Amino acid sequence: MARIVMKFGGTSVADCDRIRNVALRVKTEVDRGNQVAVVVSAMSGVTNQLVDYCRQIAPLHDAKEYDTVVSTGEQVTIGLLAMALQEIGVPARSWMGWQLPVRSDGAHGKARIETIETEGILSHMSAGQVAVVAGFQGLGPENRVTTLGRGGSDTSAVALAAALGAERCDIYTDVDGVYTTDPRIVAKARKLDKITYEEMLELASLGAKVLQTRSVEMAMKHRVRVQVLSSFVDAPGTLVCDEDEIVEKELVSGIAYSRDEAKVTLVRVADRPGVAAAIFGPLAEANINVDMIVQNVSEDGKSTDLTFTVGKADLDRTVNLLGEKKQSLGYERLVPDSNVVKVSVIGMGMRSHAGVAQKMFSTLAEKAINIQVISTSEIKVSVLIAEEYTELALRALHSAYGLDAQ
Ligand code: ASP
Ligand code: MG
């Protein structure tokens with residue numbers, strides 16, 4: 001007998017038929033003799049609707065009341081799923097976040113889970129009852145309901161699995177696993193059987209929308225084995241796990257892309273100490289995340305060009321902020337460009353093999369795709385290219401690294 005956590009996202013509980021289907025999936029695990037906790041999201045579209053209500057009533061709403069409102073979607077699904085389970089003879093009860101409780105910090109709207117008390121649900125689970133737990137919800141230090149950020153019920157599920165010492169956390173979603181790249185763009189994309197935490201973390205933070213980034217961090221920290229699988233197809237999905245569990249290691253496991261970034265170039269910035277600090281300080285203060293940065297060596301020792309990327313949503317604010325400081329920063333021109341995409345190749349194999357970056361550069365060169373900015377980490381190489389080359393670049397790289405499905 002194993003203890004497992006199953007998580008179902010919004011599309012998996014989108015209507016009553018789907019909730020009944022989820023109940024059947026849960027029953028299968030119960031019939032296998034497993035102890036099951038289920039974490040659910042709100043029915044699809046519901047959280048968006050709730051967020052919209054808040055915006056309509058007060059554009060600059062009180063974050064605590066926002067959480068009071070947007071956390072309610074999950075309350076509906078836990079009750080409905082518990083009923084659906086009871087209808088097919090499976091003992092079940094619902095649990096709100098505060099009833100466990102799932103304790104979080106007080107950062108309303110994007111709270112972090114601190115601890116989960118499991119005594120209560122464990123006693124029910126060992127008596128043979130399925131625990132149906134609301135995802136996305138926490139209880140803050142002032143006894144107010146918090147939410148964990150959009151997509152947060154993935155994190156709820158992984159955190160609960162860690163707290164329960166579960167053997168596995170199965171995340172049921174509308175895709176059947178994690179792919180080598182976006183299958184909507186590259187028809188030859190392959191579903192991965194296994195992927196390491198580190199690689200999944202890069203994929204998630206680079207735009208693959210399968211799992212909330214924080215949930216992967218949480219899984220990595222607590223070594224929770226996470227399986228991503230479809231709630232509509234009966235097939236094994238992708239296991240996110242420790243490197244040691246993966247026998248056949250690929251050099252590159254996946255290729256991600258993000259259209260969410262925009263490029264900013266400051267032309268002829270003064271080349272003297274403190275300039276980078278003067279540029280990036282105000283951006284950090286304004287909570288604008290800077291991702292890639294390149295600065296050229298100045299030819300004349302006086303000025304140089306500086307290029308960096310920010311989220312597309314932050315581009316206007318960035319242009320305004322730096323525009324106001326044109327005098328003090330002493331640059332000549334500011335050139336914004338949102339017509340870019342960041343393409344990244346990811347693989348643990350890079351740590352021990354040379355030539356991965358070189359293959360990326362030569363593959364793009366063969367297709368006459370110009371690389372504008374490059375950044376690397378231990379297991380990733382990212383390049384910024386013009387957006388119109390997204391498909392071409394992804395397909396070429398996918399073949400070049402031998403990832404194409406046969
Ligand atoms: N219902 C929340 C959202 O839509 C949490 C989740 O689905 O993971 O963001
Ligand atoms: Mg989700």
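These numbers come from the heavy atoms of this one structure, side chains and all, not from hydrogens, waters or symmetry mates. Whatever order the structure lists them in is the order used to number ligands and atoms, beginning at 1. No experiment lies behind these values; they were computed from the predicted model shown.
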Check for a donor-acceptor pair, side chain of Tyr331 on one end and backbone N or O of Leu322 on the other, with a separation under 3.5 Å. yes
At the 4.0 Å heavy-atom cut-off, does Gly135 count as touching ligand 1? no
Atoms of ligand 1, numbered as shown, that sit under 4.0 Å from any heavy atom of Gly151: 3 (C), 5 (C), 6 (C), 8 (O), 9 (O)
Taking both backbone and side-chain atoms of Ser41, is any N or O found less than 3.5 Å from an N or O belonging to ligand 1? yes
Main-chain N/O of Val356 paired to Tyr401 side chain as donor or acceptor, under 3.5 Å: yes
Is Gly10 close enough to touch ligand 1? Criterion: a residue heavy atom under 4.0 Å from a ligand atom. no
Please confirm whether Lys7 comes within less than 3.5 Å of ligand 1 when only nitrogen or oxygen atoms on both sides are compared. no
Counting N and O atoms only, with roles assigned by atom type, does the side chain of Arg3 sit under 3.5 Å from a partner on the main chain of Leu164, one being a donor and the other an acceptor? yes
Would you say that more than 12 heavy atoms from the other residues, nucleotides or ligands in this model lie under 6.0 Å from the CD of Glu87, or not? no
Mind checking whether Phe136 has an N or O less than 3.5 Å away from an N or O of ligand 1? no
For Arg150, the ligand 1 atoms whose distance to one of its heavy atoms is below 4.0 Å: 3 (C), 4 (O), 9 (O)
With no hydrogens and no angle check, just 3.5 Å: does a side-chain donor-acceptor pair link Asp271 and Thr304? no
Should Glu74 be listed as contacting ligand 1, given a heavy-atom distance under 4.0 Å as the test? yes
Salt-bridge present (Arg259, Glu387; N to O < 4.0 Å): yes
